[in-house]
Structures are given as structure tokens and as C-alpha cells.
Amino acid sequence: MALSSMLLTTGCDSSDASGGDAKATAAVPAGFPVTIANCGVRTTYDKPPSRAVTIHQHPAELMLALGLKDRMVGTAFPDSAVLPELKKDYEAIPELAKKEPSFERVLDAEPDFVYGGYGSAFAENEGRSRKAFADAGIDTHLNREYCGEKRVTMNDTYDEIRTIGKIFGVPGRADELVAALQARVRKTVTAVKGMPQVSVFVYDSGDKSAFTAGGKSLGTELIRLAGGENVFADLDDVFGDVSWEQVVERKPEVIAIYDYAGAGSVEEKKEFLLSQPALAGVPAVRNKRFVVLPLTATLVGIRSAYAVEDLARGMHPESFR
């Protein structure tokens with residue numbers, strides 16, 4: 001199901017007494033107060049937030065996919081092009097900063113809720129700690145991927161969506177969105193069932209060494225669901241550095257290039273990989289088999305289900321003809 005269809009089906013929710021209108025949040029939906037434990041911070045919401053600021057792109061897209069545009073008063077730090085289905089709504093919300101905004105800039109938006117995508121959203125050394133926001137009377141939520149507790153899986157994506165749905169009093173919308181994303185993943189898994197596994201190397205960045213996705217990353221599960229195997233699944237971390245000699249030894253058949261601002265363009269990354277004599281014998285390089293994924297598609301957010309399909313099409317194109 002296309003995201004645009006999901007947005008249409010999630011536009012109404014019998015559990016959302018506000019109908020998505022921030023002005024109507026005085027009518028508190030059933031189920032409140034709601035208490036959420038998040039990355040060591042316990043927060044009780046007496047009513048849904050009505051003035052949310054998102055720091056980083058994937059929290060913004062998640063909220064928009066839940067039909068919460070009217071509860072958003074600011075975004076910050078776009079990583080890549082916004083999903084076409086969400087572009088109009090995203091652009092209608094004020095952008096507070098190209099990177100993480102200052103604490104004061106966030107306060108200027110008068111939020112009652114700040115939702116961070118990466119841990120840096122609440123960097124203490126930059127004055128944006130969760131305690132600083134709490135002291136200012138503002139609730140916060142950090143994407144569960146940065147709680148640092150465990151391996152990241154698709155279940156984290158679904159749980160994150162349901163948690164935000166609960167905080168904003170739209171659990172029905174969240175359940176529908178999760179069901180649609182799960183159906184999309186199942187369709188892809190079925191399409192590649194029985195196909196031989198394809199070995200994949202994730203290239204995030206780096207020249208002296210390669211910065212890649214390890215076994216605890218969501219990327220490893222996305223590759224598995226798409227019918228492949230991360231050649232560095234034994235790296236016991238979400239991300240880490242490996243040597244180019246290791247890449248050569250593991251002979252990946254496909255290279256997944258993570259695309260995001262500030263790390264060089266996709267073309268620059270391809271050019272680098274293709275120009276290295278030591279990599280010339282690597283099957284993925286020799287055959288120029290690259291799959292490009294926006295970094296936001298590999299994080300806990302709504303794009304991960306789409307990343308499974310994009311990877312599968314790159315690894316098993318014959319299954320999608």
C-alpha cells in the first residue's frame with residue numbers, strides 16, 4: 001500500500017477526539033493520562049501534545065504519516081529529500097534550523113513536546129539536554145534506536161509508531177500505519193522467498209577505512225528481509241569501522257550506499273569505490289552492483305519498510321519483473 005493511501009486511511013481515527021486539530025485538544029481523548037518510559041525518562045501526558053518540534057527528519061515524517069501536521073510547530077535537520085507524499089505538509093511547517101537548533105531557537109517555537117531522532121537532538125554540551133527541556137516545562141521523546149539497550153529491529157519501528165500514536169491520542173491511526181508497513185514487508189519477503197542469499201556490504205562513508213553497518217543495526221535486518229546477508233553482521237555494534245582488506249576478503253556481491261547530506265554525494269562514493277585498485281576484484285565493484293538508500297530509510301521510522309523493497313529489487317531484480 002502506498003504511503004499516500006495510508007495517509008488517507010489514517011486521516012480519521014475514532015480514538016482521536018481532536019480530529020487532528022491542535023485547537024481541539026482541550027477535548028482529551030480516552031486513555032489519558034498516558035505514561036511513557038523512554039530511554040530512562042518517564043513522562044506522564046495528561047493530554048496529547050499540541051505544539052511539537054521535531055529534531056531530525058525521521059521523527060517529522062513519522063508524525064506526518066500519522067496525520068499530525070496540525071500538532072507540529074517546527075522541524076529541523078533534514079537529512080535527505082522528503083518523501084513525495086509528505087513534501088507539501090513538511091514544507092508547511094517552519095524549519096527551525098538546517099542542523100540541530102539551539103535550545104533558545106526551540107523555545108522560540110513555544111513547544112510542549114520535542115521529539116528527537118538522533119541522540120544529538122538532546123546534546124547536553126550544547127544546552128539541549130532533556131533535563132533542560134523538562135526544567136522549561138517541555139516534554140521530550142527520543143527515538144528508541146538511541147536508547148542504547150539492544151539490537152535494532154523492525155519491531156522497534158512498529159513500537160515507535162505505536163508509542164507516538166499513544167502519546168498523541170491516535171492509537172488507531174498508528175495501528176493502521178503499522179499494519180500497512182508490515183504488509184509491504186511481507187509482500188517483499190514473499191517475492192524473494194527461495195532465492196539464493198546475496199552478500200551485501202553497507203558503505204556509509206570513509207576512505208582510509210570503511211564505516212559500515214554492524215550486526216546490531218536495523219540495516220542488517222533490512223538486508224536479511226530483502227533476501228541478503230550483511231557481510232559485517234558479526235560486527236557487534238550498530239555502526240563501526242572495518243578495513244578495506246576485510247571488505248575484499250568478504251567478497252560482497254552488492255554494495256548498499258547510504259545517502260545523506262554531509263558525507264559526499266552518491267556519485268562521489270561510487271567513483272571512490274570504482275577507482276580503488278584493491279577493490280577491483282570485489283564482485284559488487286566489478287559488476288557495478290550498487291543499491292542507494294537514504295540514511296533515513298535505514299532508521300527507526302516509516303521508511304524502513306520501503307528500504308526492504310528497494311534492497312530486494314537491487315539484489316533480486318528477477319523477482320520483480
If we ignore hydrogens and angles and just use 3.5 Å, is the side chain of [X] paired with the main-chain N or O of [Y] as donor and acceptor?
{"X": "Glu268", "Y": "Ser265", "answer": "yes"}
{"X": "Arg303", "Y": "Thr296", "answer": "no"}
{"X": "Trp244", "Y": "Gln276", "answer": "no"}
{"X": "Arg173", "Y": "Leu66", "answer": "yes"}
{"X": "His141", "Y": "Gly116", "answer": "no"}
{"X": "Gln197", "Y": "Gly227", "answer": "no"}
{"X": "Asp139", "Y": "Thr43", "answer": "no"}
{"X": "Arg289", "Y": "Gly314", "answer": "yes"}

Would you mind telling me which of Asn230, Val282, Asp234, Val242 makes a side chain to side chain contact (heavy atoms under 4.5 Å, CB included) with Arg250?
->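 Per the side chain to side chain contact (heavy atoms under 4.5 Å, CB included) rule, the option paired with Arg250 is Asp234, out of Asn230, Val282, Asp234, Val242.
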Ring centre gap for Tyr203 and Phe290 strictly below 6.0 Å =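 No; Phe290 has its ring centre 6.0 Å or more from that of Tyr203.
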Should [X] and [Y] be counted in the same cluster of Ile, Leu, Val, Met, Phe, Trp and Tyr side chains packed under 4.5 Å apart?
{"X": "Phe211", "Y": "Leu295", "answer": "yes"}
{"X": "Leu311", "Y": "Met195", "answer": "no"}
{"X": "Met154", "Y": "Leu177", "answer": "yes"}
{"X": "Leu293", "Y": "Leu273", "answer": "no"}
{"X": "Val202", "Y": "Ile255", "answer": "no"}

Any heavy-atom pair between the side chains of [Y] and [X] that's under 4.5 Å?
{"X": "Glu229", "Y": "Val198", "value": "no"}
{"X": "Gln57", "Y": "Ser80", "value": "yes"}
{"X": "Ile167", "Y": "Ile36", "value": "yes"}
{"X": "Pro48", "Y": "Phe32", "value": "yes"}
{"X": "Glu253", "Y": "Val200", "value": "no"}
{"X": "Arg151", "Y": "Asp156", "value": "no"}
{"X": "Thr298", "Y": "Leu218", "value": "no"}
{"X": "Ser199", "Y": "Lys251", "value": "no"}

Yes or no on side chain to side chain contact (heavy atoms under 4.5 Å, CB included) for Ile55 and Tyr115, after CA distance, side-chain angles and deciding distance?
-> CA-CA 6 Å; Ile55 302 177; Tyr115 182 11; over 6 Å; no
Working for salt bridge (charged side-chain N to carboxylate O under 4.0 Å, His left out), residues Lys98 and Glu95 = CA-CA 8 Å; Lys98 292 295 183 185; Glu95 184 180 276; 3.0 Å; yes
Has Arg128 got its NZ or CZ under 6.0 Å from the middle of the six-membered ring of Phe103, at an angle within 45 degrees of the ring axis?
->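 Checked: cation-pi criterion not met.
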Please name the pair of heavy atoms, one in [X] and one in [Y], separated by the smallest distance, quoted to 0.1 Å.
{"X": "Ala174", "Y": "Arg162", "answer": "CB-CA, 3.9 Å"}
{"X": "Pro252", "Y": "Val247", "answer": "CD-O, 3.3 Å"}
{"X": "Asp310", "Y": "Val291", "answer": "O-CG1, 3.8 Å"}
{"X": "Ala65", "Y": "Ile302", "answer": "CB-CD1, 3.7 Å"}
{"X": "Ile93", "Y": "Gly74", "answer": "CG2-N, 3.5 Å"}
{"X": "Leu107", "Y": "Ala136", "answer": "CD2-CB, 4.2 Å"}

Are [X] and [Y] close enough that a side-chain donor and a side-chain acceptor fall under 3.5 Å?
{"X": "Thr75", "Y": "Thr54", "value": "no"}
{"X": "Thr140", "Y": "Arg130", "value": "yes"}
{"X": "Ser209", "Y": "Ser243", "value": "no"}

Derivation of the salt bridge (charged side-chain N to carboxylate O under 4.0 Å, His left out) call for Asp112 and Arg51 | CA-CA 5 Å; Asp112 57 4; Arg51 296 183 61 83; over 6 Å; no
Find the distance between [atom1] ([X]) and [atom2] ([Y]) and round it off to the nearest 0.5 Å.
{"X": "Tyr90", "Y": "Leu83", "atom1": "OH", "atom2": "CG", "result": "11.0 Å"}
{"X": "Lys270", "Y": "Ser275", "atom1": "NZ", "atom2": "OG", "result": "14.0 Å"}
{"X": "Lys69", "Y": "Met63", "atom1": "NZ", "atom2": "CE", "result": "12.5 Å"}
{"X": "Tyr146", "Y": "Ser120", "atom1": "OH", "atom2": "OG", "result": "8.0 Å"}
{"X": "Ser217", "Y": "Leu222", "atom1": "OG", "atom2": "CG", "result": "8.0 Å"}
{"X": "Tyr158", "Y": "Ser304", "atom1": "OH", "atom2": "OG", "result": "6.5 Å"}

Verdict with reasoning, Tyr45 to Phe113, per side chain to side chain contact (heavy atoms under 4.5 Å, CB included) = CA-CA 10 Å; Tyr45 299 88; Phe113 179 83; 3.3 Å; yes
Full working for side chain to side chain contact (heavy atoms under 4.5 Å, CB included) between Phe201 and Val254 | CA-CA 6 Å; Phe201 160 57; Val254 169; over 6 Å; no
When you look at CD of Glu318, are more than 12 heavy atoms from neighbouring residues, nucleotides or ligands closer to it than 6.0 Å?
->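 Enclosed.
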Do other residues, nucleotides or ligands put more than 12 heavy atoms under 6.0 Å from the NZ atom of Lys269?
->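 More than 12 heavy atoms, drawn from other residues, nucleotides or ligands, come within 6.0 Å of this atom.
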Do NZ/NE/NH1/NH2 and the carboxylate oxygens of Arg224 and Glu221 come within less than 4.0 Å?
->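 Result for this pair is yes, salt bridge flagged.
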Show your working on side chain to side chain contact (heavy atoms under 4.5 Å, CB included) between Thr163 and Arg144 and close with a plain yes or no.
-> CA-CA 10 Å; Thr163 297; Arg144 70 186 55 231; 2.8 Å; yes
Can you label the angle between the His56 ring and the Tyr118 ring as parallel, tilted or perpendicular, going by 30° and 60°?
->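 It falls in the perpendicular class, over 60°.
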